[in-house]
Amino acid sequence: MTDASLASGYRMLLEPPTVDEYRRLRAVSGLSPKTAGQAEGAIAGTWTWRTVRLAGAGGAGPAVAMGRVVGDGGWYFLVADMATLPEHQGRGLGKAVLRSLLAEIRERAEPGAYVTLTADPPGRRLYEAHGFEDVAPARTGMSLLT
């Protein structure tokens, strides 16, 4: 995905946000807040990242959107941390991040890769528009917080 696919004034980078940016993007966009330690682990343990930044004079301004894929690199991939700051929503940033992440999975993984995610209700339309389907009733999605 090139910067040409983004609205003017933004740049997409194939790198993670900083720990502080990660925490801010999650909290301000409505995702559950995370500690610095959790953010560090997320950044280190990710298969691929996309960070959208304001295109500043120095090349890259503050992070305004992000998304990542956690996975084994073989067949299993989890889309996570899709977040856009509220003042930058509605400009196609989330769509561009998701398309870029999925393109990398298709490029690097063997056919038949399993891509999964857990979404908040407002993200449902975005994911369905890219081919994601509810797993119920054939399967059950579950989670465990420790």
Side-chain angles (χ1 to χ4, degrees), residues 1-56 60-109 112-136 138-146:
M1 187 68 52
T2 65
D3 286 351
S5 64
L6 292 175
S8 178
Y10 296 99
R11 288 188 60 208
M12 186 182 319
L13 303 173
L14 309 179
E15 61 188 40
T18 67
V19 168
D20 289 340
E21 288 172 328
Y22 173 86
R23 295 180 69 209
R24 181 173 184 273
L25 279 163
R26 284 191 56 90
V28 174
S29 68
L31 302 178
S32 59
K34 297 299 174 198
T35 66
Q38 290 169 321
E40 289 167 2
I43 289 169
T46 295
W47 185 74
T48 193
W49 274 98
R50 296 299 181 277
T51 301
V52 176
R53 295 183 174 280
L54 287 176
V64 298
M66 69 175 178
R68 68 185 180 117
V69 174
V70 180
D72 58 20
W75 72 272
Y76 185 82
F77 302 89
L78 170 71
V79 175
D81 291 327
M82 293 287 297
T84 302
L85 294 178
E87 62 269 26
H88 297 277
Q89 292 176 2
R91 299 178 188 175
L93 302 180
K95 182 191 302 185
V97 167
L98 182 60
R99 284 183 177 171
S100 184
L101 291 171
L102 294 174
E104 184 169 349
I105 293 168
R106 288 183 182 110
E107 206 174 275
R108 293 178 53 197
Y114 183 75
V115 183
T116 186
L117 59 82
T118 301
D120 293 323
R124 185 178 190 103
R125 282 193 357 233
L126 170 67
Y127 301 120
E128 287 177 340
H130 287 84
F132 286 88
E133 298 175 350
D134 197 327
V135 298
R139 289 171 290 215
T140 300
M142 296 183 179
S143 67
L144 171 68
L145 296 176
T146 61

Mind jotting down which residue pairs meet the salt bridge (Lys or Arg N to Asp or Glu O under 4.0 Å) criterion with at least one end in residues 115-124? Sequence neighbours excluded, please. Arg124-Glu128, Arg124-Asp134

Check whether any side-chain heavy atom of Trp49 lies under 4.5 Å from a side-chain heavy atom of Ile43, and answer yes or no. yes

Among all residues two or more places apart in sequence or in another chain, which pass the side-chain hydrogen bond (donor to acceptor under 3.5 Å, both in side chains) test with Arg108? Glu104

Contacts of Arg139 that satisfy side-chain contact (heavy atoms from CB on, under 4.5 Å) - sequence neighbours left out: Tyr114, Val135

Supply the atom-to-atom distance Glu15 CD to Arg53 CZ, rounded to the nearest 0.5 angstrom. 6.0 Å

As an exercise, state the distance from CH2 of Trp47 to CG of Leu101, rounded to the nearest 0.5 Å. 9.0 Å

Is any side-chain heavy atom of Leu93 closer than 4.5 Å to one of Leu6? yes

Please report the closest heavy-atom contact between Ser29 and Pro86, naming both atoms and the distance. CA-CD, 4.3 Å

CD (Glu87) with more than 12 external heavy atoms under 6.0 Å: yes

Contacts of type side-chain contact (heavy atoms from CB on, under 4.5 Å), residue Asp20, not counting sequence neighbours: Thr18

Shortest non-hydrogen separation from Thr51 to Pro16 and the atoms involved: OG1-C, 3.4 Å

Contacts of Ser32 meeting side-chain contact (heavy atoms from CB on, under 4.5 Å) (sequence neighbours excluded), chain-then-number -> Arg26, Lys34

4.5 Å side-chain heavy-atom contact, Met66 and Val52: no

Name all residues meeting the side-chain contact (heavy atoms from CB on, under 4.5 Å) criterion together with Ala80; count only those two or more places apart in sequence or in a different chain, and write none if there are none. Arg68

